[in-house]
Amino acid sequence: MCGVFGAFSTTSRPVLEDIYLGLYALQHRGQESAGIAWFDGRELSTAKGMGLVHEALRQEELARTPASVGVGHVRYSTAGGSFFANAQPLTATYARGHVAIAHNGNLTNADGIRAYLQGRGAIFHSTSDTEVILHLMAHQAHKPSLDALLSALLRLRGAYSLAVLLDGRLVAARDPWGFRPLVLGRREDVFYVASESCALDIVGAEFVRDVAPGEVVLIGDEGFRSLSISHKAKRCYSCAFEYVYFARPDSVIDGISVYETRKRLGNYLARRTPVAKADFVVGMPDSGTPAAIGFAQEAGIPYEKAITRNRYVGRTFIQPTQRVRELGVRIKLNPIEACIAGRELVVVDDSLVRGTTSQRIISMIREASPKGVHLRIASPPVRFPCYYGIDTPTSEELAAARLDRQALERLVGADTLAYLSREDLLAAIGKPENSVCTACFCGDYMDEENGLDLEIS
Ligand code: SF4
């Protein structure tokens with residue numbers, strides 16, 4: 001999972017601080033590295049580093065740099081390891097000009113393309129799947145750069161939401177299956193592309209629209225110009241997990257509020273898996289909170305913030321000593337005994353992946369002497385890995401792939417455990433079934449349409 005952000009000013013207004021702020025709002029999508037590439041009319045420059053946005057980039061310097069177009073990226077590695085060479089945007093200067101690419105998603109045919117291109121002499125500098133896009137473009141140097149990009153995209157399979165800096169123009173592109181979100185925004189003379197609408201809010205931009213699956217938007221002095229990738233997908237695969245967990249709750253994806261969707265997930269969960277005589281509902285901080293509110297509203301029982309989260313975790317550094325390791329999740333979370341003792345509670349979490357976090361939190365809640373603990377998961381069991389840009393573990397590490405519900409109930413230490421069904425997940429999101437990816441829940445992966453013609457002309 002990664003985040004991308006791009007900006008273009010038609011009046012040469014500096015935009016790099018906007019990009020910094022946009023990445024800051026997208027920090028939840030990747031914490032391993034951050035970078036920005038910009039074009040000053042003559043040359044392409046980049047600033048990149050490992051770690052969080054404020055660690056990797058220098059805001060004051062960026063604010064002073066007079067570039068009116070640029071793209072940025074926050075990275076969480078799913079293809080290629082976590083090291084500097086893989087930090088994005090990836091840049092290249094080739095026969096037709098300068099290009100910088102910020103990519104969110106995973107290409108499922110990158111290995112095949114890489115082997116094909118290496119067989120023809122290409123030398124790769126990173127292990128990132130994104131680099132194949134640059135090489136595909138370079139192999140078509142007889143075409144104008146935009147045409148080379150479009151024909152490179154035609155050869156890709158899997159997930160890509162891109163912000164591309166192409167010879168001083170900004171390009172937004174979303175794969176024909178629409179796996180990852182991508183939105184357009186505007187504030188006066190500045191046009192934006194962002195992974196999520198929450199990143200438009202931080203720069204004071206108004207949301208214009210989503211980039212449609214299979215659409216390429218050219219952003220230049222004339223504003224937005226829409227083109228399309230000529231590969232037509234049979235159906236879309238918008239990632240259900242974006243609504244369940246990944247996206248920020250204040251974002252709107254394809255016209256659907258993430259926060260309201262999470263509350264609806266909780267509504268369905270309460271309707272289908274009620275808990276008799278529960279005293280209150282608590283959300284697993286923070287990702288389970290909207291679904292817990294939805295559960296409480298539907299069930300007509302109180303919602304309590306009975307687990308406190310240390311707000312400074314993630315912003316402050318604590319030495320990983322043996323004592324800190326033993327404390328584990330208690331460093332971050334602490335149940336409020338006065339609220340929990342002697343009471344029957346429903347704990348709502350967004351998903352259950354390895355099961356270890358739920359296990360630790362429920363064991364901590366048990367120390368506060370509740371009468372009963374009922375775990376409700378606002379998504380179906382995660383049984384299959386994701387190949388489209390989300391770092392889910394292998395099948396062996398997925399708790400629900402190894403254990404049935406009763407065994408999981410025992411593993412996490414809950415009195416009862418229940419999940420949302422796939423049908424209710426789809427109903428809560430509200431998109432047609434054939435436009436949503438639920439492969440990690442049901443194993444129904446995208447049809448890869450084998451036999452791709454890689455011959456480059
Ligand atoms: S497999 Fe799961 S996480 Fe991956 S794109 Fe599909 S729904 Fe999203």
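Because the structure is predicted, anything quoted here is derived from the model rather than measured.
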How would you list, by chain and number, every residue that makes a ring-ring contact (aromatic ring centres under 6.0 Å, His included) with F224, sequence neighbours excluded? F191
For the residue pair F441 and F241, does the interplanar ring angle fall in the parallel (under 30°), tilted (30 to 60°) or perpendicular (over 60°) class? parallel
Classify the angle between the aromatic ring planes of F179 and Y237 as parallel (below 30°), tilted (30 to 60°) or perpendicular (above 60°). parallel
Any donor and acceptor pair, going by atom type alone, linking the side chain of D210 with main-chain N or O of D254 inside 3.5 Å? yes
Check: S257 main-chain N/O paired with R262 side-chain donor or acceptor under 3.5 Å: no
Once you round to the nearest 0.5 Å, how far does CG of D18 lie from OH of Y24? 15.5 Å
CG/L146 to CZ/R96 distance, rounded to the nearest 0.5 angstrom? 11.5 Å
Check: E397 and R354 side chains under 4.5 Å, non-hydrogen atoms: yes
Cation over ring face, R29 and Y76, 6.0 Å, 45°: no
Return yes when atom [atom1] of [X] has more than 12 non-hydrogen atoms of other residues, nucleotides or ligands closer than 6.0 Å, and no otherwise.
| X | atom1 | result |
| --- | --- | --- |
| R209 | CZ | yes |
| D111 | CG | no |
| R405 | CZ | yes |

Give me each pair satisfying salt bridge (charged side-chain N to carboxylate O under 4.0 Å, His left out) with a member in residues 243-253, each pair once, sequence neighbours excluded. R248-D250
Hydrogens and angles aside, do S9 and D189 bring a side-chain donor and acceptor to less than 3.5 Å of each other? yes
Side chains of H28 and E196: is there a donor and an acceptor less than 3.5 Å apart? yes
